[in-house]
4 protein chains.
Amino acid sequence: MTPKVPENYREARRAQILDAAAECFLEKGFHQTTMQDIFRASGLSAGAVYNYFESKDDIVTAMGEISRNRNVAMVSATPGPDDEAPLAKILESFFGIMNTPDAEKWAPLDLEIYAEAARNERIRKSIADNVRMSSDALIPLVEELQARGAYSADLDARSIIVAFSMLVQGMQILHVVDPKADLDAYVEVCLAIARGTFCAAPATNSNSKEA
Amino acid sequence: MTPKVPENYREARRAQILDAAAECFLEKGFHQTTMQDIFRASGLSAGAVYNYFESKDDIVTAMGEISRNRNVAMVSATPGPDDEAPLAKILESFFGIMNTPDAEKWAPLDLEIYAEAARNERIRKSIADNVRMSSDALIPLVEELQARGAYSADLDARSIIVAFSMLVQGMQILHVVDPKADLDAYVEVCLAIARGTFCAAPATNSNSKEA
Amino acid sequence: MTPKVPENYREARRAQILDAAAECFLEKGFHQTTMQDIFRASGLSAGAVYNYFESKDDIVTAMGEISRNRNVAMVSATPGPDDEAPLAKILESFFGIMNTPDAEKWAPLDLEIYAEAARNERIRKSIADNVRMSSDALIPLVEELQARGAYSADLDARSIIVAFSMLVQGMQILHVVDPKADLDAYVEVCLAIARGTFCAAPATNSNSKEA
Amino acid sequence: MTPKVPENYREARRAQILDAAAECFLEKGFHQTTMQDIFRASGLSAGAVYNYFESKDDIVTAMGEISRNRNVAMVSATPGPDDEAPLAKILESFFGIMNTPDAEKWAPLDLEIYAEAARNERIRKSIADNVRMSSDALIPLVEELQARGAYSADLDARSIIVAFSMLVQGMQILHVVDPKADLDAYVEVCLAIARGTFCAAPATNSNSKEA
DNA sequence: CATGAATGAGATTTCATTCAT
DNA sequence: CATGAATGAAATCTCATTCAT
């Protein structure tokens with residue numbers, strides 16, 4: 001009488017479908033992936049999939065949200081602002097995680113989601129919320145660093161975080177657009193910015209490397 | 001046998017079609033835009049459009065190139081590396097240009113093109129080439145600045161440029177994703193990095209992890 | 001082996017389903033109503049409904065019969081042919097009943113059933129039988145009235161009844177098609193025909209084309 | 001440059017499609033007819049049909065309007081109220097036309113359209129308008145007949161016309177529901193009502209036909 | 001070169017029905 | 001008997017592209 005299926009049965013099925021969809025989307029993009037692709041990849045029938053999602057668009061939107069959550073999960077997996085680690089440590093962690101083959105793999109999907117956000121209010125909301133939330137988590141740390149004089153106190157703490165997250169995103173763009181780009185050199189630049197070694201000192205030990 | 005139409009007639013028509021397509025792509029994205037949309041927007045018939053482009057994909061690819069050219073044109077419009085202006089001046093120019101309503105308008109299209117690049121070799125090539133070319137143009141300047149000690153000489157000049165261009169792209173992403181974000185504060189952070197005022201004090205409490 | 005459920009349990013369930021189906025059919029018609037609609041409206045599961053009806057068609061056919069029975073019940077509720085009442089009295093009763101909001105409500109369903117009858121043999125049979133049966137019941141009365149000279153004796157008694165029932169149906173059609181039509185005036189005409197007051201003077205200027 | 005197709009080309013195609021659809025609808029009803037049926041019957045491709053109608057519903061609605069026009073055309077083909085013919089003559093004409101095999105053929109479609117009218121505003125409007133217009137045309141005649149004393153002057157002229165048209169419709173219903181019904185006897189009753197011979201005289205020459 | 005009607009494979013979605021629990 | 005997830009054939013509709021005029 002009462003449901004005989006495990007209570008999280010439906011959740012599991014949804015996840016199964018989204019996993020399958022993610023594979024398809026990665027391979028072909030949102031709009032070149034057909035529902036048939038998703039049926040095949042998920043091992044479910046058309047009707048079954050439509051029991052869990054109202055439309056293809058619904059799957060795309062859910063994917064946008066899922067994907068954001070994946071990114072947030074990555075952020076959460078970093079050391080966290082509770083210890084002595086300065087922003088550079090955290091950034092290092094980020095770049096480390098983003099350099100994982102697993103993370104790289106999702107790069108095209110992330111770009112697609114950004115593009116989708118321009119036209120899909122729910123996705124935009126979801127991204128904006130997550131961005132805001134994850135930067136919130138880091139603001140106290142950055143403000144403390146500003147107080148200690150590590151970073152200019154004139155700057156908006158959230159904007160500092162956003163700038164660094166854009167550098168991280170940049171790595172994903174670089175990945176997609178120019179797979180032969182020297183990513184390590186790029187990471188070095190980003191870390192130098194975070195560590196304050198980008199502009200070493202106002203022209204002290206001029207190690208001139210004239211071409 | 002000789003063309004009965006003025007030689008730039010075809011060019012004008014192509015431009016007319018690409019303008020119309022750009023409007024459509026901005027509004028709906030590449031894959032949700034139908035050829036019918038383009039016919040309507042361009043005021044031309046199906047046959048006419050197909051006289052100038054072999055396929056929809058052809059239009060998309062051309063759009064990628066157009067978009068790159070537009071961005072390159074913006075770069076070219078900056079003061080240029082021939083005078084005394086440090087990188088910050090150039091960045092300032094970039095951000096200024098990117099803050100134009102006209103430039104903002106194209107942001108979603110740029111994101112769409114990045115997403116497309118993941119699966120369209122021709123577009124990827126076109127972007128990669130342009131990125132490479134425009135950074136090439138700035139490398140001498142950056143290297144000179146490194147020589148002068150403005151930026152750490154240990155870093156790869158091209159990567160420095162790429163990092164800054166990612167910060168610029170970041171502004172576009174921010175635009176799309178969170179229209180209420182404080183863009184000016186973001187720009188301030190980016191400029192501070194370029195000017196060397198991001199880390200006010202030269203890294204006192206030594207989290208220097210010099211390689 | 002003996003039924004564990006009360007014997008009228010099944011009947012109650014059937015009625016529950018048919019009630020729900022009637023609501024759906026009224027709202028959307030036979031063919032636009034889905035079984036899912038009926039599941040929802042009845043508060044039963046798919047399996048449960050299919051325990052009581054073999055197919056959707058089975059429900060539609062049963063609905064045709066139900067509807068006929070409802071109409072027959074209305075006829076039966078009239079004074080009946082056993083007293084002195086002339087046909088007009090009976091007609092008056094009919095129209096009175098058909099003017100009830102409850103009866104009006106079923107008008108679209110009746111039309112739907114007529115349409116269905118054209119292609120569903122079972123429904124056609126069911127309607128034809130019921131029509132025949134209910135007119136059978138009134139034939140003695142009409143014949144008596146003809147004998148008394150109230151109605152021309154040259155006419156077929158059953159056809160007289162059918163004609164009047166078509167006038168009643170007409171009210172339903174009028175309802176559906178033109179909700180602002182003056183139904184009372186229409187009823188007056190019908191009653192005048194039944195009462196013999198439609199042609200006040202006995203056909204003076206002879207358009208009598210007596211057969 | 002200007003259309004090279006005959007100006008009524010599109011009209012002709014629409015008609016072609018509607019003709020094909022009518023055949024299908026007659027055979028299977030609105031909702032059992034598939035678009036494929038219509039493609040096949042019309043000899044056109046899916047795309048071609050959808051160039052002329054936005055949706056299946058659009059075809060159904062157009063069919064409702066077309067069908068009404070067909071009926072109006074029939075009415076218009078009757079002698080008309082300009083001569084000396086009394087209502088009975090006109091009714092006779094109607095019944096004569098409605099008894100045509102061609103007219104009979106459309107009966108199921110008409111019933112279906114009535115059913116559809118309950119849920120399709122455009123169809124309802126179209127029917128209501130046509131009903132109103134065709135009864136308008138007959139009102140002067142009926143009023144004159146009432147003035148002459150042929151029909152009771154107490155009755156609403158329009159309602160008289162509507163009642164007779166319902167008797168005509170009734171013949172169509174009878175056709176569909178009970179193909180073996182004695183239609184001629186039914187017509188006799190209707191004509192008797194129109195001629196004033198239904199209630200011959202208040203019980204004068206009692207031709208008692210006691211069973 | 002321009003037109004726009006036509007194509008038709010293929011996309012998304014629906015829905016009557018079944019069946020394991 | 002009841003449940004409701006699953007099925008999958010079939011329905012509606014789309015859209016890049018062609019081609020006769």
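None of these values were measured; they are calculated from a predicted model. Order of the sequence lines fixes the chain letters, A, B, ..., with proteins taken first and strands second; residue numbering starts at 1 for each chain.
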[options]: which one has an atom nearest the side-chain heavy atoms of [X]?
X: R13(C); options: dT17(E), dA6(F), dA2(F); answer: dA2(F)
X: N51(D); options: dT13(E), dG4(E), dA5(E); answer: dA5(E)
X: A46(B); options: dT7(F), dA16(F), dT18(F); answer: dT18(F)

Salt-bridged, [X] to [Y], with N to O below 4.0 Å?
X: D58(A); Y: R122(A); answer: yes
X: E121(D); Y: R124(D); answer: yes
X: R119(D); Y: E112(C); answer: yes

Do any side-chain nitrogens or oxygens of [X] fall under 4.0 Å of OP1 or OP2 in [N]?
X: Y52(C); N: dA2(F); answer: yes
X: R10(B); N: dC1(E); answer: yes
X: Y9(B); N: dA2(E); answer: yes
X: S45(C); N: dG4(F); answer: no

By nearest-heavy-atom nucleotide on DNA chain E, the more 5' of G43(B) and T33(C) is G43(B)
Earlier contact from the 5' end, DNA chain E, for Y50(A) and V49(D) | V49(D)
Of F39(B) and T34(D), the one whose closest DNA chain F nucleotide lies more 5' | T34(D)
Using side chain to side chain contact (heavy atoms under 4.5 Å, CB included) as the criterion, point out the one residue from Y52(B), F25(B), F53(B) that pairs with L18(B).
->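 Of the listed options, the one satisfying the test is F53(B).
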